Amino acid sequence: MARHLITSAIPYINGIKHLGNLVGSQLPADLFARYMRARGNEVLFLCATDEHGTPAELAAAKAGKPVADYCAEMHHVQAEIAKGFNLSFDHFGRSSSPQNHALTQAFAGRLADMGLIREVVEEQVYSNADGRFLPDRYIEGTCPNCGFDSARGDQCDNCTKQLDPTDLIDARSTISGSTDLEVRETKHLYLRQSELKDDIATWIGSKHDWPLLTTSIAKKWLTDGDGLQDRGITRDLDWGIPVKKGADDWPGMEGKVFYVWFDAPIEYIASAQEWVDAGKGTDWERWWRTDKGADDVTYTQFMGKDNVPFHTLSFPATILGSQEPWKLVDYIKSFNYLNYDGGQFSTSRGRGVFMDQALDILPSDYWRWWLLSHAPESSDAEFTWENFQTDVNKDLADVLGNFVSRITKFCRSKFSEAVPEGPDYGPAEDALIADLTTKLAEYETHMAAMEVRKSAADLRAIWVLGNEYLQSVAPWTTFKTDPDQAAMQVRMGLNLCRLYGVLSSPFIPDASAEILAAMGASDATWPDDIASAVTVLQAGHAFTVPEITFRKITDDERTQWAEKFAGTRD
RNA sequence: GGCGCGGUAGCUCAGUUGGUUAGAGCGAUCGACUCAUAAUCGAUAGGUCGGGAGUUCAAGUCUCCCCCACGCCA
């Protein structure tokens, strides 16, 4: 039994995430966590909401609520939706937690002690009307280069020229529209990532088995231009973790907070502390401190490609720079983007399906299956309603659902709602067992390697073997001449249902539970060998014919949904 | 503009260190079966592997150039 620490990239607090976000981190992380638990490993699966920063403040203001209240509400909303998708977090924390405050301040203090923090006085734009410093992207004005009137403070979207906010003509705040802006000097702390460049490069260079997507992004940042740059870790904001050096005040940094990119990944650790403080665990250090039992932990992170730099460079810089025995990530599984019907999902334009909407129209297993079996592993992937409909109907309703339906109903009509007797398994059954054994081994190999799409294809192939078997032995024909033989064939079919309930649970936990319940199966442990796994349900064991496990998506629904989610959500 | 990931059957995608007739699922066509959610099973058709040049006995797989899509950065 091994120990696996698993984290999913933490979703930002301001709103409900879309299916592309879901399949990029939380869902595959859940698949892996469920599989590892099923195989008897000890698993700690953590996630959280990322709550600090300007977007959260603005979203709260728009909602007319104090930012702390807004975040608390949105955290609750996201937690409930996560439950709706059966995301099996051991804890779903908050980056605004007291634990993360203390831990982030402790890391900053430690990094300062190690000489890895430097103070920088820089000029930033202050908006008198808004009463705040404005991040570059919240400043707009006329481009001095091309005259475009909506150039942003960091770049002109029209001519792509890189800009400084002070370059803009008639600069204004995009928050209030005010032009009453001024440049003020402000002091910030920078993490000297450049000092850690070689350490990080060596570490990344040792990871030969990581996805190409992960290492190529990391190496690009390490080698591009002058290499890894120092990065500001503080901001002039109200909402965030106050800048402190451990428990002590940080002279000259009063009223400032840590920059969200610095405190967010530290929440991975803090979430484990929250897990303990919530009474759900007893010892977080044996997961995170290599000097306190975490040296045998395998740590795997899941994330979309946009998050790779933070996990391959920034967070490791924090960990390595501390020179404290924190657990470093062992494997980073990164994903490309899921596109929606020929374009991008768009949060601002409401284009595509968002997590709450998805659950409103179909049970989570439909989404889990489709998204995981089309996970954007090697390149960007494409969601279309046509594909979703045909794939879900074929895989879930026809191949799996109908298998359970046909065998249970046949048994009920020819025998009873109990496993029939019959002779021992014969050559056809031995052949089936051999095929299942081969396929299961492939499934397990791909699951352990986090090859999500291939795992889904393997699982589907295992379902198909059941239909092939029934088709070839044809118990409905056998029954006419040799009811006893038919009974044995049905017994095998019913045992396959139970087996499928067990093997499918990482992908489709609800349907798996329904199947297992219908089969009256108390044993849901992962099979050591197929031969014994298909004898678990013995003659006389009662079962019930389940309701339709997966209904089909109709053409009407498909066209209706395609229209509904085409854009502009209110 | 620089860089990155891609461009393989109608669709969604696999193709290990270059090596016999390029694979899967869906869709299509034909057939079998009738227990089942008009489900299932089998068979067949369908690709000059984005374009061009090169290296090699041999290239989807390596090198160079170009085109297209997407993304990141400046």
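Computed from a predicted model, the values in this text were never measured in an experiment. Because only heavy atoms are used, hydrogens play no part in the values below, and waters and symmetry mates are left out as well, while side chains stay in. Each chain gets a letter, A, B and so on, in the order the sequences are listed, and its residues count up from 1.
Across the protein-nucleic acid pair, A:D380 atom CG and B:rC5 atom P stand 13 Å apart, rounded to whole Å. With rounding to whole Å, A:N339 atom CG is found 13 Å from B:rU12 atom C1'. Across the protein-nucleic acid pair, A:Y340 atom OH and B:rG71 atom P stand 18 Å apart, rounded to whole Å. Whole-Å rounding puts the A:W370 CH2 to B:rC11 P distance at 16 Å. In this structure, A:E468 atom CD and B:rA43 atom C1' are separated by 14 Å, rounded to whole Å. In this structure, CG of A:L228 is placed 15 Å from P of B:rC73, rounded to the nearest angstrom. Atom NZ of A:K305 is separated from atom P of B:rG4 by 14 Å (rounded to the nearest Å). Note: CD (A:E382) to C1' (B:rG7) measures 14 Å, nearest angstrom.
One side chain, A:S194 or A:D230, offers a donor N or O that lies under 3.5 Å from an acceptor on the other.
Each of A:D391 and A:L465 lies near RNA chain B, and the nucleotide nearest A:D391 is the one positioned closer to the 5' end.
In terms of heavy atoms, A:G426 sits closest to A:M488 at N-CE, 4.2 Å. Pairing each heavy atom of A:Y425 with each of A:M492, the nearest pair is OH-CA, 3.5 Å.
B:rA24 is paired with B:rU12 under the criterion used here, namely a Watson-Crick or G-U wobble arrangement in which both key atom distances are under 3.5 Å.
OP1 or OP2 of B:rG15 lies within a sub-4.0 Å distance of a side-chain N or O belonging to A:K454.
Comparing B:rA74 with B:rC67, their C1' atoms sit 25 Å apart, to the nearest whole Å. Nucleotides B:rU40 and B:rG46 are separated by 25 Å at their P atoms, to the nearest Å. The separation of B:rC3 from B:rA43, taken at their C1' atoms, amounts to 49 Å, rounded to a whole angstrom. Only the C1' atoms considered, B:rA58 is 36 Å distant from B:rG42, to the nearest whole Å. Comparing the C1' positions of B:rA28 and B:rG18 gives an interatomic distance of 35 Å, to the nearest angstrom. Nucleotides B:rU63 and B:rU55 are separated by 15 Å at their P atoms, to the nearest Å.
At the heavy-atom level, A:V404 lies nowhere under 4.0 Å from the strands shown. A:E386 comes within contact range of no nucleotide atom at all, as no heavy-atom separation falls under 4.0 Å.
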Can you build the contact string for nucleotides 30-37 of chain B? Use B for base contact, S for sugar-phosphate-only contact, and - for no protein heavy atom under 4.0 Å. ---SSBBB
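The closest side-chain heavy-atom distance from A:P420 to A:C411 is below 4.5 Å.
Here A:W370 and A:F383 bring their ring centres to under 6.0 angstrom of each other.
Applying ring pair (Phe, Tyr, Trp, His ring centres under 6.0 Å) to A:H18 and the options A:F565, A:Y340, A:W367, A:F345 leaves one that passes, A:F345. Evaluated for a side-chain contact (heavy atoms from CB on, under 4.5 Å) with A:V452, the options A:V23, A:L31, A:L27 yield exactly one hit, A:L31.
Below 30°, between 30° and 60°, or above 60°: for A:F403 and A:Y500 the angle between ring planes is between 30° and 60°, a tilted geometry.
Among the nucleotides B:rC13, B:rC11, B:rG27, the one closest to the side chain of A:N387 is B:rC11.
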